[in-house]
Amino acid sequence: GQNIDQPTEMTATEGAIVQINCTYQTSGFNGLFWYQQHAGEAPTFLSYNVLDGLEEKGRFSSFLSRSKGYSYLLLKELQMKDSASYLCAVRRYNTDKLIFGTGTRLQVFP
Amino acid sequence: DSGVTQTPKHLITATGQRVTLRCSPRSGDLSVYWYQQSLDQGLQFLIQYYNGEERAKGNILERFSAQQFPDLHSELNLSSLELGDSALYFCASSVDGGTGFNGYTFGSGTRLTVV
């Protein structure tokens, strides 16, 4: 089976940096995805890690350690519009099915 | 516009009824996935179709069924509806698997309310 854990809620201040962690337990790991979801809207793709290390994309970066079953999403220079849920999802070998964690709801305050 | 089209956007129906949700995948995508998202719950995988064939199944209730048609659009049928079926239902599509797979593109969802 699979188990994906994320904090339920986080708060941060505009302009700050926040790190959202995700730990997972799965056999046949084949990639980890981060999605952003504003309330009532569709999830949108943020990042994809399949190898260990850091992937940087503008204000957002994602890190993966396969040996530790751990990933984080780093958001820099926070803006009010970054208030959303951030979903961690894992893919296994021989499947395109993504299993999602319950998401971390981030609130950014001025 | 993500390129994945879901209809209807909102649906209100009574318990015991049956509804059909429709999804058209992004052009070129052969896989369609259905997910259910209840209030304060994560995305729960229901079922995947690839080029008309069922490829993977999650915890989909027996009251629910789906299919993918030759034009690649998909329908999710929900019957004998219960109050607990009220949720957001998302469809997503992707390119073929293997090295070409780089995640999903989601539709805007159908919000189902069972009263």
Side-chain angles (χ1 to χ4, degrees), chain A residues 1-10 20 22-24 26 28-51 55 57 60 62 64 71 73 84-107, chain B residues 1-6 9-10 23 25-26 29-51 53-60 86-113:
Chain A
Q2 295 174 109
N3 193 33
I4 302 171
D5 289 314
Q6 305 179 234
T8 304
E9 288 191 9
M10 298 182 70
I20 302 174
C22 171
T23 58
Y24 62 89
T26 185
F29 174 83
N30 193 26
L32 188 141
F33 293 79
W34 285 95
Y35 281 82
Q36 180 192 59
Q37 186 180 25
H38 287 96
E41 298 183 9
T44 55
F45 171 80
L46 289 178
S47 69
Y48 171 42
N49 295 71
V50 64
L51 299 175
E55 293 281 342
K57 191 183 292 186
F60 294 1
S62 58
L64 175 67
S71 174
L73 180 70
S85 287
Y86 291 86
L87 313 178
C88 169
V90 169
R91 179 192 181 200
R92 298 174 67 187
Y93 276 117
N94 297 322
T95 177
D96 296 335
K97 178 180 71 176
L98 295 184
I99 301 301
F100 285 83
T102 53
T104 298
R105 186 159 56 193
L106 173 68
Q107 288 185 285
Chain B
D1 181 7
S2 68
V4 179
T5 304
Q6 284 189 252
K9 291 195 183 305
H10 301 276
C23 169
R26 197 177 53 168
D29 287 354
L30 298 179
S31 272
V32 168
Y33 311 79
W34 287 98
Y35 281 81
Q36 179 193 57
Q37 188 175 42
S38 303
L39 194 64
D40 293 332
Q41 294 290 313
L43 286 161
Q44 299 296 314
F45 173 73
L46 296 178
I47 198 163
Q48 177 197 0
Y49 278 84
Y50 173 76
N51 203 21
E53 300 288 327
E54 182 185 303
R55 178 169 272 192
K57 211 168 189 176
N59 295 324
I60 186 168
S86 295
L88 264 172
Y89 290 84
F90 285 106
C91 166
S93 71
S94 74
V95 300
D96 191 5
T99 56
F101 181 78
N102 59 358
Y104 301 160
T105 300
F106 281 88
S108 56
T110 294
R111 181 174 292 281
L112 173 66
T113 303

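Quick note on labels: first sequence line is chain A, next is B, and so on, each numbered from 1.
Using a 4.5 Å cut-off between heavy atoms, B:Gln37 contacts chain A through its side chain alone, with no backbone atom that close. With a threshold of 4.5 angstrom between heavy atoms, A:Tyr93 does not approach chain B through any atom at all. For B:Leu88, the part lying under 4.5 angstrom from a heavy atom of chain A is the side chain only. Looking at A:Leu98, both its backbone and its side chain come within 4.5 Å of chain B, counting heavy atoms on both sides.
The shortest side-chain heavy-atom distance between A:Leu46 and A:Lys57 does not fall under the 4.5 Å cut-off. Looking at heavy atoms from C-beta onward, A:Thr8 lies out of side-chain contact with A:Arg105 at the 4.5 angstrom threshold. Annotation: side chain of A:Gln37 is in contact with side chain of B:Phe90 (closest heavy-atom distance under 4.5 Å).
Between chain B and the residues A:Gly103, A:Gly31, A:Gly101, A:Pro43, the most heavy-atom pairs under 4.5 angstrom are made by A:Pro43.
In this pair, B:Tyr104 and B:Phe106 present their aromatic rings perpendicular. The plane angle is above 60°, beyond the 30 to 60° band.
The 12-atom threshold is not exceeded at CD of B:Glu53, counting heavy atoms of other residues, nucleotides or ligands nearer than 6.0 Å.
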